Amino acid sequence: MKLVIKENYDEASRYCAEHIINLVKENPNAVLGLATGTSPVGTYKYMIQDHEKNGTSYKNVSTYNLDEYCGLEDDHPQSYHYFMKAHLFDAIDIDQANTHVPDGTKDPDEECQDYTALLSKHHRNLQLLGIGSNGHIGFNEPGTSFDSHVHKVALKESTIKDNAILFFNGDEEAVPHYAITMGIADILDSDEILLIASGKRKAKAIYALVNGPVTEDMPASILQTRDNVTIVCDREAASLLK
Ligand code: F6R
């Protein structure tokens with residue numbers, strides 16, 4: 001595992017974007033695993049800027065997102081489908097048919113099987129991740145097996161609170177209580193993993209990821225065991241590291 005500490009969120013975002021852009025330039029057919037949430041927004045912003053300025057093309061790139069809330073239609077403003085269109089897909093030349101996000105409106109068991117089958121056929125070249133303040137990756141909450149594949153999860157209270165503040169105007173009632181997520185084994189099935197974290201809110205989780213024991217109680221700690229992982233933090237997120 002490699003650790004990159006940048007001065008602030010903007011610089012961390014620029015670093016991640018440049019990494020992804022270089023990958024796409026080298027391999028125009030790249031398969032990317034993508035994340036939603038506040039963490040990757042800056043990365044996507046710089047990818048869009050580069051696409052507009054330098055013409056990096058995503059025509060033959062395909063993408064597989066980590067997760068989606070259960071019960072939200074694609075065009076619901078809080079759905080992760082909507083998020084990806086608004087923050088990346090609609091602003092680059094990607095073929096929308098090559099973008100994949102779990103379908104939160106289908107029968108969850110059926111969708112878990114279908115998305116698992118899809119992922120098993122499309123190995124990712126890079127997986128972009130954020131991290132929850134409780135150490136979750138994707139929606140793999142503490143206690144999830146490191147061997148897990150796509151599954152339906154009940155979100156923990158802390159995750160519902162975080163997401164209510166960030167995306168639902170503080171309205172906890174509005175946050176769906178279930179989601180479909182890639183499992184940890186699916187996340188690890190990528191040539192490389194890039195995790196971006198910023199702000200004090202993430203400092204404890206980054207400390208546990210980097211310096212703590214490898215345990216299913218701290219899902220992101222599994223990343224410690226891999227050489228192909230880069231953790232990109234700003235100073236605040238890295239502030240508790242030894
Ligand atoms: C999002 C995802 C989550 C987020 C995590 C951090 O697709 O899988 O694991 O990366 O909850 O969220 P933010 O970036 O909003 O702090």
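Order of appearance sets the numbers: ligands from 1, and atoms from 1 within every ligand. Just so you know, these numbers come straight off a predicted model, no measurement behind them.
Listed by atom number, the atoms of ligand 1 under 4.0 Å from Gly130 heavy atoms are 10 (O). For ligand 1, the atoms lying closer than 4.0 Å to a non-hydrogen atom of Gly138 are 2 (C), 3 (C), 8 (O), 9 (O). Of all the atoms in ligand 1, the ones that sit under 4.0 Å from a non-hydrogen atom of Thr38 are 13 (P), 14 (O), 15 (O), 16 (O).
Residue, atom and distance of the protein heavy atom nearest to atom 11 (O) of ligand 1 are His136 NE2, 2.7 Å. At the shortest separation from atom 6 (C) of ligand 1 among protein heavy atoms lies Ile131 O, 3.3 Å. What sits closest to atom 12 (O) of ligand 1 on the protein, heavy atoms only, is Lys202 NZ, 4.3 Å. Of the protein's non-hydrogen atoms, Thr36 OG1, 3.2 Å is the one closest to atom 1 (C) of ligand 1.
Around atom 7 (O) of ligand 1, the closest heavy atom drawn from Leu128, Asp67, Leu66, Asn65 belongs to Asp67. Of the listed options Ala35, Ser39, Gly37, Ser39 places a heavy atom closest to atom 14 (O) of ligand 1.
Between Tyr44 and His87, the distance from one ring center to the other does not fall under 6.0 angstrom. Between Tyr69 and Tyr80, the distance separating the two ring centers is shorter than 6.0 angstrom. If you look at His122 and Tyr64, their ring centroids are closer than 6.0 Å.
Between Tyr80 and ligand 1, not a single N/O pair is under 3.5 Å apart.
In this structure, Lys6 fails the cation-pi test against Tyr15, since its NZ or CZ atom is not both closer than 6.0 Å to the six-membered ring centre and inside 45 degrees of the ring normal.
With respect to the salt-bridge test (charged N to carboxylate O, under 4.0 angstrom), the residues Asp162 and Lys156 do not qualify.
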Determine, step by step, whether His123 and Asp189 satisfy the side chain to side chain donor-acceptor pair (under 3.5 Å) criterion, reporting the C-alpha distance in whole Å, the side-chain angles of both residues, the deciding distance to 0.1 Å, and the verdict.
-> CA-CA 7 Å; His123 177 77; Asp189 182 26; 3.0 Å; yes

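Defined by atom type and a distance below 3.5 Å, a donor-acceptor pair is missing between the side-chain atoms of Thr56 and Asn54.
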